[in-house]
Amino acid sequence: MQPAERGARTLVMGILNVTPDSFSDGGLYAEVDAAIARGLQLAHDGADLVDVGGESTRPGAARVTPDVERDRVVPVIRALTAAGVATSIDTMNASTARAAVEAGASVVNDVSGGLTDDAMAATVADLAVDFVAMHWRAHSPAMDALDAYEDVVAEVGAELDARVDALVAAGVAEQRIVLDPGLGFAKVTDSNWPLLANLDAWARGRRVLVGASRKRFLGAAIARDGVDAADPTAREHATTAVTALAAAAGAWGVRVHDARAAVDALHVVSAWENARRPEGWAP
Ligand code: PMM
(Lines give C-alpha, C1' and ligand atoms only; values in the text may rest on other atoms or scores of the structure.)
Protein backbone atom coordinates (compact mmCIF):
# COMPACT_ATOMS: atom_id res chain seq x y z
CA MET A 1 0.00 0.00 0.00
CA GLN A 2 1.11 3.59 -0.42
CA PRO A 3 1.59 4.00 3.29
CA ALA A 4 0.43 7.36 4.54
CA GLU A 5 3.85 8.83 5.23
CA ARG A 6 4.74 8.91 8.84
CA GLY A 7 2.64 11.66 10.38
CA ALA A 8 0.79 12.35 7.13
CA ARG A 9 -2.87 12.39 7.93
CA THR A 10 -5.32 9.89 6.52
CA LEU A 11 -8.17 11.67 4.80
CA VAL A 12 -11.57 11.89 6.50
CA MET A 13 -14.62 11.45 4.29
CA GLY A 14 -17.76 12.53 6.14
CA ILE A 15 -20.98 10.68 5.29
CA LEU A 16 -23.98 12.69 4.16
CA ASN A 17 -26.93 10.62 3.01
CA VAL A 18 -29.67 12.73 1.44
CA THR A 19 -32.04 9.78 1.72
CA PRO A 20 -35.07 8.76 3.76
CA ASP A 21 -33.75 5.26 4.44
CA SER A 22 -29.97 4.94 5.04
CA PHE A 23 -29.10 2.72 7.97
CA SER A 24 -27.63 5.26 10.36
CA ASP A 25 -28.59 8.75 9.20
CA GLY A 26 -31.54 7.92 6.92
CA GLY A 27 -34.28 10.55 7.12
CA LEU A 28 -32.19 13.02 9.10
CA TYR A 29 -30.91 14.97 6.10
CA ALA A 30 -33.53 14.23 3.45
CA GLU A 31 -34.39 17.94 3.13
CA VAL A 32 -31.90 20.01 1.14
CA ASP A 33 -31.40 22.65 3.83
CA ALA A 34 -30.82 20.08 6.56
CA ALA A 35 -28.40 18.24 4.29
CA ILE A 36 -26.41 21.38 3.53
CA ALA A 37 -26.24 22.25 7.23
CA ARG A 38 -25.00 18.74 8.01
CA GLY A 39 -22.35 18.96 5.27
CA LEU A 40 -21.11 22.26 6.68
CA GLN A 41 -20.99 20.71 10.15
CA LEU A 42 -18.98 17.73 8.87
CA ALA A 43 -16.48 20.12 7.26
CA HIS A 44 -16.33 22.17 10.45
CA ASP A 45 -15.65 18.95 12.37
CA GLY A 46 -12.66 18.30 10.13
CA ALA A 47 -13.93 16.22 7.22
CA ASP A 48 -11.63 16.65 4.21
CA LEU A 49 -14.40 15.56 1.89
CA VAL A 50 -18.15 15.28 2.35
CA ASP A 51 -19.50 12.17 0.62
CA VAL A 52 -22.97 13.01 -0.66
CA GLY A 53 -25.28 10.11 -1.50
CA GLY A 54 -28.87 10.07 -2.76
CA GLU A 55 -29.55 6.35 -2.75
CA SER A 56 -29.47 4.04 0.26
CA THR A 57 -27.48 0.83 -0.07
CA ARG A 58 -28.58 -0.65 3.25
CA PRO A 59 -29.43 -4.34 3.11
CA GLY A 60 -32.82 -4.67 1.45
CA ALA A 61 -33.02 -1.06 0.24
CA ALA A 62 -34.98 -0.38 -2.94
CA ARG A 63 -33.23 1.46 -5.79
CA VAL A 64 -34.25 4.97 -6.83
CA THR A 65 -34.15 6.39 -10.35
CA PRO A 66 -31.14 8.47 -11.40
CA ASP A 67 -33.47 11.50 -11.72
CA VAL A 68 -34.59 11.24 -8.10
CA GLU A 69 -31.02 10.69 -7.00
CA ARG A 70 -29.73 13.69 -8.95
CA ASP A 71 -32.43 15.96 -7.58
CA ARG A 72 -31.43 14.96 -4.06
CA VAL A 73 -27.67 15.43 -4.37
CA VAL A 74 -26.96 18.19 -6.90
CA PRO A 75 -28.33 21.15 -4.90
CA VAL A 76 -26.43 19.95 -1.85
CA ILE A 77 -23.15 19.57 -3.73
CA ARG A 78 -23.62 22.95 -5.39
CA ALA A 79 -24.21 24.68 -2.05
CA LEU A 80 -21.30 22.92 -0.31
CA THR A 81 -19.00 23.75 -3.22
CA ALA A 82 -20.04 27.40 -3.00
CA ALA A 83 -19.16 27.29 0.70
CA GLY A 84 -15.70 25.93 -0.13
CA VAL A 85 -16.38 22.38 1.06
CA ALA A 86 -14.87 19.55 -1.00
CA THR A 87 -17.32 16.80 -1.89
CA SER A 88 -17.47 13.33 -3.35
CA ILE A 89 -20.53 11.79 -4.95
CA ASP A 90 -21.66 8.37 -3.75
CA THR A 91 -23.46 6.94 -6.77
CA MET A 92 -23.70 3.92 -9.04
CA ASN A 93 -25.11 6.00 -11.91
CA ALA A 94 -22.88 7.64 -14.50
CA SER A 95 -25.38 10.44 -15.18
CA THR A 96 -25.47 11.33 -11.47
CA ALA A 97 -21.67 11.20 -11.31
CA ARG A 98 -21.41 13.63 -14.22
CA ALA A 99 -24.03 16.03 -12.81
CA ALA A 100 -22.35 15.94 -9.40
CA VAL A 101 -18.88 16.65 -10.78
CA GLU A 102 -20.31 19.48 -12.88
CA ALA A 103 -21.82 20.83 -9.63
CA GLY A 104 -18.41 20.70 -7.95
CA ALA A 105 -17.72 17.18 -6.64
CA SER A 106 -14.10 16.15 -6.97
CA VAL A 107 -14.32 12.39 -6.38
CA VAL A 108 -16.74 9.72 -7.65
CA ASN A 109 -17.46 6.98 -5.11
CA ASP A 110 -19.22 3.98 -6.66
CA VAL A 111 -20.11 1.16 -4.26
CA SER A 112 -20.36 -1.16 -7.27
CA GLY A 113 -16.91 -0.21 -8.58
CA GLY A 114 -18.40 0.62 -11.98
CA LEU A 115 -20.31 -2.66 -12.33
CA THR A 116 -23.84 -1.24 -12.17
CA ASP A 117 -23.70 1.27 -14.99
CA ASP A 118 -21.79 0.38 -18.15
CA ALA A 119 -21.24 4.07 -18.79
CA MET A 120 -19.52 4.73 -15.44
CA ALA A 121 -15.93 3.90 -16.42
CA ALA A 122 -15.91 6.03 -19.57
CA THR A 123 -17.67 8.85 -17.72
CA VAL A 124 -15.08 8.87 -14.95
CA ALA A 125 -12.27 8.70 -17.52
CA ASP A 126 -13.77 11.72 -19.25
CA LEU A 127 -14.32 13.65 -16.00
CA ALA A 128 -10.72 12.96 -14.91
CA VAL A 129 -11.51 12.75 -11.19
CA ASP A 130 -10.50 10.24 -8.52
CA PHE A 131 -12.68 7.14 -8.50
CA VAL A 132 -13.39 4.95 -5.48
CA ALA A 133 -13.95 1.40 -6.67
CA MET A 134 -15.58 -0.58 -3.90
CA HIS A 135 -15.76 -4.37 -3.79
CA TRP A 136 -19.33 -5.35 -4.59
CA ARG A 137 -21.13 -8.47 -5.75
CA ALA A 138 -24.80 -7.55 -6.12
CA HIS A 139 -27.43 -4.98 -5.29
CA SER A 140 -28.66 -4.68 -1.77
CA PRO A 141 -31.50 -7.23 -1.65
CA ALA A 142 -29.18 -10.03 -2.81
CA MET A 143 -25.86 -9.13 -1.27
CA ASP A 144 -25.98 -10.85 2.12
CA ALA A 145 -26.52 -14.22 0.40
CA LEU A 146 -23.28 -13.72 -1.57
CA ASP A 147 -21.07 -13.80 1.50
CA ALA A 148 -19.41 -17.05 0.46
CA TYR A 149 -15.61 -17.01 0.32
CA GLU A 150 -12.96 -19.70 0.56
CA ASP A 151 -10.38 -16.99 1.12
CA VAL A 152 -11.98 -13.58 1.43
CA VAL A 153 -8.70 -11.65 1.16
CA ALA A 154 -7.59 -13.41 -2.03
CA GLU A 155 -11.03 -13.29 -3.64
CA VAL A 156 -11.75 -9.65 -2.87
CA GLY A 157 -8.23 -8.80 -4.09
CA ALA A 158 -8.78 -10.66 -7.35
CA GLU A 159 -12.23 -9.14 -7.93
CA LEU A 160 -10.86 -5.64 -7.29
CA ASP A 161 -7.93 -6.31 -9.62
CA ALA A 162 -10.45 -7.20 -12.32
CA ARG A 163 -12.24 -3.91 -11.71
CA VAL A 164 -8.98 -1.98 -11.99
CA ASP A 165 -8.19 -3.72 -15.28
CA ALA A 166 -11.62 -2.92 -16.70
CA LEU A 167 -11.48 0.69 -15.54
CA VAL A 168 -8.02 1.23 -16.97
CA ALA A 169 -9.10 -0.42 -20.24
CA ALA A 170 -11.95 2.12 -20.39
CA GLY A 171 -9.49 4.99 -20.02
CA VAL A 172 -9.46 5.70 -16.28
CA ALA A 173 -5.96 6.72 -15.19
CA GLU A 174 -4.69 4.03 -12.83
CA GLN A 175 -3.46 6.50 -10.25
CA ARG A 176 -6.99 7.93 -10.03
CA ILE A 177 -8.34 4.67 -8.63
CA VAL A 178 -8.86 4.17 -4.89
CA LEU A 179 -9.89 0.69 -3.69
CA ASP A 180 -12.40 -0.05 -0.96
CA PRO A 181 -13.03 -3.51 0.55
CA GLY A 182 -16.79 -2.90 0.73
CA LEU A 183 -17.24 -3.74 4.39
CA GLY A 184 -20.74 -5.10 4.94
CA PHE A 185 -21.39 -5.53 1.21
CA ALA A 186 -21.70 -9.28 0.51
CA LYS A 187 -19.84 -9.62 3.80
CA VAL A 188 -21.59 -10.64 6.94
CA THR A 189 -19.75 -10.29 10.23
CA ASP A 190 -16.72 -12.58 9.92
CA SER A 191 -15.74 -11.72 6.34
CA ASN A 192 -14.95 -8.11 7.21
CA TRP A 193 -12.13 -8.55 9.68
CA PRO A 194 -9.61 -10.35 7.44
CA LEU A 195 -9.96 -7.51 4.93
CA LEU A 196 -9.17 -4.92 7.60
CA ALA A 197 -6.37 -6.93 9.15
CA ASN A 198 -4.67 -7.56 5.81
CA LEU A 199 -5.15 -4.31 3.88
CA ASP A 200 -1.90 -4.64 2.05
CA ALA A 201 -2.48 -8.26 1.02
CA TRP A 202 -5.45 -7.36 -1.18
CA ALA A 203 -4.71 -3.69 -2.00
CA ARG A 204 -1.14 -4.37 -3.09
CA GLY A 205 0.12 -0.81 -2.92
CA ARG A 206 -2.99 1.02 -4.08
CA ARG A 207 -4.77 3.71 -2.12
CA VAL A 208 -7.40 2.29 0.24
CA LEU A 209 -10.60 3.76 1.60
CA VAL A 210 -12.12 2.05 4.66
CA GLY A 211 -15.85 2.39 5.27
CA ALA A 212 -16.53 0.67 8.58
CA SER A 213 -18.57 3.40 10.21
CA ARG A 214 -21.30 2.04 12.49
CA LYS A 215 -21.71 -1.15 10.47
CA ARG A 216 -23.28 -4.38 11.75
CA PHE A 217 -20.01 -6.27 12.03
CA LEU A 218 -18.85 -3.72 14.60
CA GLY A 219 -22.07 -4.24 16.54
CA ALA A 220 -21.26 -7.95 16.64
CA ALA A 221 -17.67 -7.33 17.76
CA ILE A 222 -18.81 -5.28 20.76
CA ALA A 223 -21.67 -7.59 21.78
CA ARG A 224 -22.45 -7.67 25.49
CA ASP A 225 -23.86 -10.85 26.99
CA GLY A 226 -24.25 -12.25 23.51
CA VAL A 227 -26.35 -9.30 22.30
CA ASP A 228 -25.01 -7.24 19.39
CA ALA A 229 -25.03 -3.44 19.60
CA ALA A 230 -28.10 -2.95 17.41
CA ASP A 231 -28.24 0.85 17.48
CA PRO A 232 -25.78 2.17 14.86
CA THR A 233 -24.80 5.12 17.06
CA ALA A 234 -23.73 2.68 19.81
CA ARG A 235 -21.03 1.50 17.39
CA GLU A 236 -19.28 4.87 17.29
CA HIS A 237 -16.40 4.07 19.66
CA ALA A 238 -15.73 0.86 17.76
CA THR A 239 -15.70 2.91 14.55
CA THR A 240 -13.12 5.27 16.02
CA ALA A 241 -10.93 2.33 16.98
CA VAL A 242 -11.07 1.09 13.38
CA THR A 243 -10.16 4.57 12.15
CA ALA A 244 -7.02 4.59 14.27
CA LEU A 245 -5.99 1.10 13.22
CA ALA A 246 -6.70 1.75 9.54
CA ALA A 247 -4.66 4.95 9.64
CA ALA A 248 -1.79 3.17 11.36
CA ALA A 249 -1.96 0.54 8.61
CA GLY A 250 -1.58 3.28 5.98
CA ALA A 251 -5.16 3.72 4.71
CA TRP A 252 -5.61 6.69 2.39
CA GLY A 253 -9.02 7.52 3.83
CA VAL A 254 -11.81 6.58 6.19
CA ARG A 255 -15.50 7.13 5.47
CA VAL A 256 -17.28 8.04 8.70
CA HIS A 257 -20.44 9.52 10.19
CA ASP A 258 -18.61 11.36 12.99
CA ALA A 259 -15.80 13.41 11.46
CA ARG A 260 -14.67 14.92 14.75
CA ALA A 261 -14.11 11.52 16.34
CA ALA A 262 -12.12 10.40 13.29
CA VAL A 263 -9.96 13.51 13.25
CA ASP A 264 -9.18 13.07 16.95
CA ALA A 265 -8.19 9.45 16.34
CA LEU A 266 -5.94 10.53 13.46
CA HIS A 267 -4.22 13.11 15.64
CA VAL A 268 -3.48 10.34 18.13
CA VAL A 269 -2.05 8.16 15.37
CA SER A 270 0.14 11.02 14.14
CA ALA A 271 1.45 11.78 17.62
CA TRP A 272 2.22 8.10 18.12
CA GLU A 273 3.91 7.69 14.75
CA ASN A 274 5.93 10.87 15.09
CA ALA A 275 7.29 9.75 18.45
CA ARG A 276 8.58 6.47 17.05
CA ARG A 277 12.35 6.14 17.12
CA PRO A 278 14.03 5.94 13.74
CA GLU A 279 14.71 2.58 12.11
CA GLY A 280 17.88 1.04 13.43
CA TRP A 281 17.95 3.15 16.57
CA ALA A 282 19.33 1.23 19.53
CA PRO A 283 20.00 2.34 23.10
N1 PMM B 1 -20.79 2.14 2.65
C2 PMM B 1 -22.02 2.65 2.47
C3 PMM B 1 -22.26 3.57 1.43
N4 PMM B 1 -21.28 3.98 0.61
N5 PMM B 1 -19.01 3.89 -0.04
C6 PMM B 1 -17.79 3.38 0.13
N7 PMM B 1 -16.79 3.77 -0.69
N8 PMM B 1 -17.50 2.48 1.10
C9 PMM B 1 -18.45 2.03 1.96
O10 PMM B 1 -18.14 1.18 2.82
C11 PMM B 1 -19.79 2.53 1.82
C12 PMM B 1 -20.02 3.47 0.78
C13 PMM B 1 -23.08 2.19 3.41
O14 PMM B 1 -24.05 3.07 3.71
P15 PMM B 1 -23.91 4.44 4.62
O16 PMM B 1 -23.78 5.56 3.65
O17 PMM B 1 -25.19 4.51 5.36
O18 PMM B 1 -22.69 4.26 5.47
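The structure displayed is predicted, hence computed values, not measured ones. Counting convention: from 1, in listed order, for ligands and their atoms alike.
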### Message
Could you tell me, atom by atom, which parts of ligand 1 come under 4.0 Å of a heavy atom of Val132?
### Response
7 (N)
### Query
With a cut-off of 4.0 Å, which atoms of ligand 1 are near a heavy atom of Asn17?
15 (P), 16 (O), 17 (O)
### Message
List ligand 1 atoms under 4.0 Å from Gly211, heavy atoms only on the residue side.
### Response
10 (O)
### Message
Using a strict threshold of under 4.0 Å (side-chain N to carboxylate O), is an ion pair present between Asp25 and Arg38?
### Response
no
### atom 13 (C) of ligand 1 - nearest protein heavy atom and its distance
Thr57 OG1, 3.6 Å
### Query
Would one find more than 12 heavy atoms of other residues, nucleotides or ligands at under 6.0 Å from atom CD of Glu102?
yes
#### Entry: Backbone N/O of Gly113 and side chain of Arg163: donor-acceptor pair under 3.5 Å
yes
### Message
Quick test of your reading of the model: are Lys187 and Asp147 salt-bridged, counting only N-O distances below 4.0 Å?
### Response
no
### Query
Heavy-atom contacts under 4.0 Å between Lys215 and ligand 1: side chain, backbone, both, or neither?
side chain
### Message
Counting non-hydrogen protein atoms only, what is the nearest one to atom 6 (C) of ligand 1? Give residue, atom name and distance.
### Response
Asp180 OD2, 3.2 Å
#### Entry: SB check Arg255 Asp180 (cutoff 4.0 Å)
no
### Task
State whether Arg72 and Glu55 are salt-bridged, where the test is any N-O pair (Lys NZ or Arg NE/NH1/NH2 against Asp/Glu carboxylate O) under 4.0 Å.
no
### Query
Can you list the ligand 1 atoms lying under 4.0 Å from a non-hydrogen atom of Phe185?
1 (N), 2 (C), 11 (C), 13 (C)
### Query
Considering only heavy atoms, does Leu209 approach ligand 1 within less than 4.0 Å through its side chain, its backbone, both, or neither?
side chain
### Message
Under a 4.0 angstrom heavy-atom cut-off, which atoms of ligand 1 come close to Val111?
### Response
4 (N), 5 (N), 12 (C)
### Summary
Under 4.0 Å from one or more heavy atoms of Asp90, ligand 1 contributes atoms 3 (C), 4 (N), 12 (C)
### Query
Salt-bridged, Asp258 to Arg214, with N to O below 4.0 Å?
no
#### Entry: Protein heavy-atom partner closest to atom 5 (N) of ligand 1 - residue, atom, separation in Å
Asn109 ND2, 3.1 Å
#### Entry: N or O pair under 3.5 Å between Ser213 and ligand 1
no
### Message
Other residues, nucleotides and ligands only: do more than 12 of their heavy atoms fall within 6.0 Å of CZ on Arg260?
### Response
no
### Task
May I ask you to list the atoms of ligand 1 that are less than 4.0 angstrom from any heavy atom of Phe23?
15 (P), 17 (O), 18 (O)
### Thr233 and Asp231: side chain donor to acceptor below 3.5 Å
yes
### Query
Considering only heavy atoms, does Arg255 approach ligand 1 within less than 4.0 Å through its side chain, its backbone, both, or neither?
side chain
